[in-house]
Every structure is written in structure tokens, then in C-alpha cells.
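All values below were derived from every heavy atom in this structure, side-chain atoms included, with hydrogens, water molecules and symmetry-related copies excluded. Atoms within a ligand are numbered from 1 in the order they appear, just like the ligands themselves. For the single chain, residues carry numbers from 1 onward in sequence order.
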Amino acid sequence: MREYLKFYIDGQWVDPIGSGTVDLVNPATEEVSGKIALGSEADVDKAVKAARAAFASYSQTSRDERLALLKAIKSEYEKRLPELAEAITEEMGAPASLASSFHTFLGTGHLDTAIAVLEKFAFEEKHGDTLIMKEPIGVCGLITPWNWPINQVTVKVFPALAAGCTVVLKPPQLAAYSAQILAEILDAAGVPKGVFNMVQGKGSVIGTALSTHPDVDMISFTGSESVGVQISKDAADTVKRVCLELGGKSPYILLDDDGLAERVAAATSGMMVNSGQTCSAGSRLIVPQARMAEAKAAAAGAAEAVTVGNPAGNAAMGPVVSKDQFDTVQAYINKGIEEGAELVAGGPGLPEGLDKGYFVRPTVFATTNDKVVAREEIFGPVLVMIGYDDLDDAVAIANDTDFGLAGYVDGNDQDKCREVARKIRAGAIYVNGGFDFNAPFGGYKRSGNGREWGEHGFAEYLETKAIIG
Ligand code: NAD
């Protein structure tokens, strides 16, 4: 049983002013796995005051001082990798193999990227007699979701610290353990007092207190569209910068090439990674209509091959994060059946052999793009297959969505795939499995307005100043 009952404020672990505690449940066992303290507005105020006081000196540190700090953080981060992975499995149900690889590796990648960007970043440029400077924006409120918990925290905290900002982190209640360990890492690395602060608690309390706080300069938020909209409204009165990283319903276009069945199988197993709880998941698989039968068979085979079970063991897929999430995903699966989508694999209820835990059957529908299951973000292991007549039709289907976070194009000819990728209205299009820590990541349309990762992510934490004459 874990008990995390203190907050990290002004370089110390302090008792909450608080509003009680909450038990957290392991989604694989439905048993209580620990307890965290819930903060109050007064805790946020204390953390913001500490961050404001620290900003005066931390914003003036040199590039070399901040590089030394980030390298010290890296050494502490690497020591705690196994504990971070265990915490992620326990809090949100990621399989151990995934938690100890991609989940924690993403944090290392964001740290290395923050170091590399800071090493080279041009903070000053001359344009004639005018000096254009980039300066840290100030005190940043960082609000994160539970689905890739360490990724979401590190993609904000590391560039913010690299840029010279001070921060107050509000992690998700459902993934409080890995955030606690990260705070311990930053403490052990010697982050100066007040530069990093963390307050746990309810979004409606801690998140709102940050969004409305007059002394917070910027909110960086990753999470749902509805909360992103609320934060934008809450932050408007104090004219903060608000960077939003929201949901998606990303298209995955497969060209009409050899190897279609293998690509369908890979896209289907890819959808089930992290129990489908990935904002950029390729959840609409757009395949040649003429080859739909072949594609459905391949998707069914791949979905049925995914082993679902104890995430601390060898299963490829664990549970979804909570009872609420389980109920939401079940409701979408039932909705798909009701609205006449063809069930290709999976379906409602627990997977065979499991009688507790928030486990979902890897599910595939074949349908059209107008159905609810093709339009709304399900955030579970549910793939929707849609047929296209020609590539113009595939692009039209891809773009017929309220979202624009990511897209995927796979096929034999890289250039042809890139041509299709150019036509998709979304922030990051992955071609034949491309991956790059320096590529900006963020949404068009209702997927948000921010850009994280690499130099673009770093730049979000900077203000522009001109000294003229
Ligand atoms: P959520 O919006 O419910 O919660 C996200 C965070 O906001 C949590 O820390 C929560 O406590 C806090 N919060 C809740 N109400 C708040 C309020 N009124 N004011 C301020 N903060 C508040 O989202 P979630 O369920 O944790 O995460 C799933 C969502 O996140 C999905 O929509 C997913 O697509 C999205 N997501 C987006 C990205 C991206 O990079 N674009 C990455 C991961 C997840």
C-alpha cells in the first residue's frame, strides 16, 4: 500500500493545508492500492507563491547552469526507472513490458531532447538595431492526464525547466504514484527550492485554482476537450497563455499495396497498445473498400491474438484505467452494435477467463464514418475500419472529423505516402512507422492549439521581447 500524503512545495515535502485524502484503486484487481492527499486552493496559492519567488533567480540562471541541472535530473531519473515502471503498472494498468519500455523511455527521450534543444537554442537575435530576445514566460501551471502519465508530465516539466520557468504540477488523481516518484527524482537532483512544486488533488479544485490564479503566467494542459474548454474560460480573466493538448480520432490510411493484411494486423495491434488509451491512436483504419474482406480477416486475427490479463505478468494488454472508463468504453461498444456497425472482433463484457478488473475485449468494428463509434474518441481498445474507393475518398474520410491530432499513412512507396500525409489536416502524420522526439506534436481543430516535443515544445515556455534602438 502506498501512502503519499505530502505535497512538494518550495523544496520541501509539506503537509497539505488540504481537503482530505482519497483511496486509489488498482484497475487490474479492483483493490485499493494506496492513498493520496487532496489539496485545496490554499495549497495551490502556497505553491504559486514559492514558484513566483524562485522565478526571480531561476529565470536568470545561465544555459550551463540549467544544462547541469538537467543532467543531474537524468542521472536520478535513470536510477528510478524500475520504480517508475512499477508505479505506472499499478496506477493505470499498463503491462509491465510496456511500462518498463515505452512509458518510461518517453521520459528519458524528453529529457535528452530538452538538453539538446537548450544546448543550441538561440535566445537572442539581432534584426538591424533591434535585439529580439526569448525569455522564460514565468510561473507555469502544468495539468496532466493519466494515460501516458510520465510522458505527459516530462514533456512539460523538462522543457519548462530548460527554458528557465518555474512550475506547479497538478498530476492526475488516477496516476498520482509516478508523479510522486518524479517529484522525488527532482528533489534528489537538487532542483532549487520553489522551481518545481507539486500539488495533488481534484481537477475541479487544484486545476481551477491554477487556471484562475493571477500569478500564474501560463497553463499547459493535456486532457479532454471539455476540460480544455473550461480551462480556457477560467484563464481568460487573467489573460494567461493557455496551451491545450486534447483528444483525437486519428485516421490511419493504408494504401492499396501488397502486404495489406500485415499492415492491417500491425495497425490493429497498435490500436490495442495501452488498452487504446492513447490520444494519438490510429482509431479509424481506412482501407481499400475492394479489399475489405481481406482487411477484416487480418484485423480479427490480430485483435484475437492480443493477450489480455494481469499487467504485472506477461499479458500484452492490461485493463483500462478505472470503472468509469470501463463503463464508457462498454457503452461505446454497445452503441456501435446498436447503430449497426459490423462487429469484426471482440464485443461487450469481460474477456474470457477474467471475472474482475476493468478489462475490455480488443474490439474491431467495420462501418462508415458517420457512426458515433467513428466520430467520438472512445479512449479504449476499439478500432473502427472504414472502406475507401480511391485516395481522394480516403483523404476526405480522414479529414471528416472534428479532431486533428495525428494521422498515419502506410504503403510501399514512401513518397506517395508523404503526398497523402500532406493532405491530412492534423498536427502529426506518421508515415510507415516514423518516430521523432524533435517533431512537434499537437492538434489542429478541436485537438488543441499547443505544440509539445522538441524545439516547438521548448518555445511554448518562452516570451518574445524586442529591444529597439
Ligand atoms: P481530463 O480532462 O479528465 O483530465 C486531465 C487533467 O485535468 C487531470 O489532471 C484532471 O484532474 C484535470 N482537470 C479536471 N477538471 C479540471 C478543471 N475544471 N480545471 C483544470 N483541470 C482539471 O482527461 P483524462 O481523462 O485524464 O485524459 C484523457 C484525455 O486526454 C483524452 O481526451 C485524451 O485524448 C487526452 N490526451 C491528449 C493528449 C495530447 O497530447 N493531445 C495526450 C494524452 C491524453
Would you be so kind as to tabulate the donor-acceptor pairs closer than 3.5 Å made by side chains of residues 329-336, with sequence neighbours excluded?
unit_1, atom_1, unit_2, atom_2, d
Gln330, OE1, Gly349, N, 2.8
Tyr332, OH, Glu376, OE1, 2.6
Asn334, ND2, Gln330, O, 3.2

Going by atom type alone, with no hydrogens or angles, which donor-acceptor pairs under 3.5 Å involve a side-chain atom of residues 223-231 and a protein atom two or more places apart or on another chain?
unit_1, atom_1, unit_2, atom_2, d
Glu225, OE2, Arg446, NE, 2.8
Glu225, OE2, Arg446, NH2, 3.0
Gln230, NE2, Asp234, OD1, 3.0

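Here Asp370 pairs with nothing under the salt bridge (charged side-chain N to carboxylate O under 4.0 Å, His left out) rule; sequence neighbours left out.
For the atom pair CG of Asp45 and CG of Leu210, the computed distance is 10.5 Å after rounding to the nearest 0.5 Å.
Using a 30° and 60° split on the angle between ring planes, Phe437 and Phe105 fall in the perpendicular class, above 60°.
Shown here for Leu350 and Lys356, the closest heavy-atom pair between the two residues is CD1-N, 4.2 Å.
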Which N/O atoms of ligand 1 sit under 3.5 Å from a protein N/O, and at what distances?
unit_1, atom_1, unit_2, atom_2, d
ligand 1, 2 (O), Ser224, N, 2.8
ligand 1, 2 (O), Ser224, OG, 2.6
ligand 1, 9 (O), Thr144, O, 2.7
ligand 1, 9 (O), Lys170, NZ, 3.4
ligand 1, 11 (O), Lys170, NZ, 3.1
ligand 1, 11 (O), Gly203, N, 3.4
ligand 1, 23 (O), Ser224, N, 3.4
ligand 1, 25 (O), Trp146, NE1, 3.0
ligand 1, 26 (O), Trp146, NE1, 3.1
ligand 1, 30 (O), Gly223, O, 3.3
ligand 1, 32 (O), Glu377, OE1, 2.7
ligand 1, 34 (O), Glu377, OE1, 3.3
ligand 1, 34 (O), Glu377, OE2, 2.5
ligand 1, 41 (N), Leu246, N, 3.3
ligand 1, 41 (N), Leu246, O, 2.7

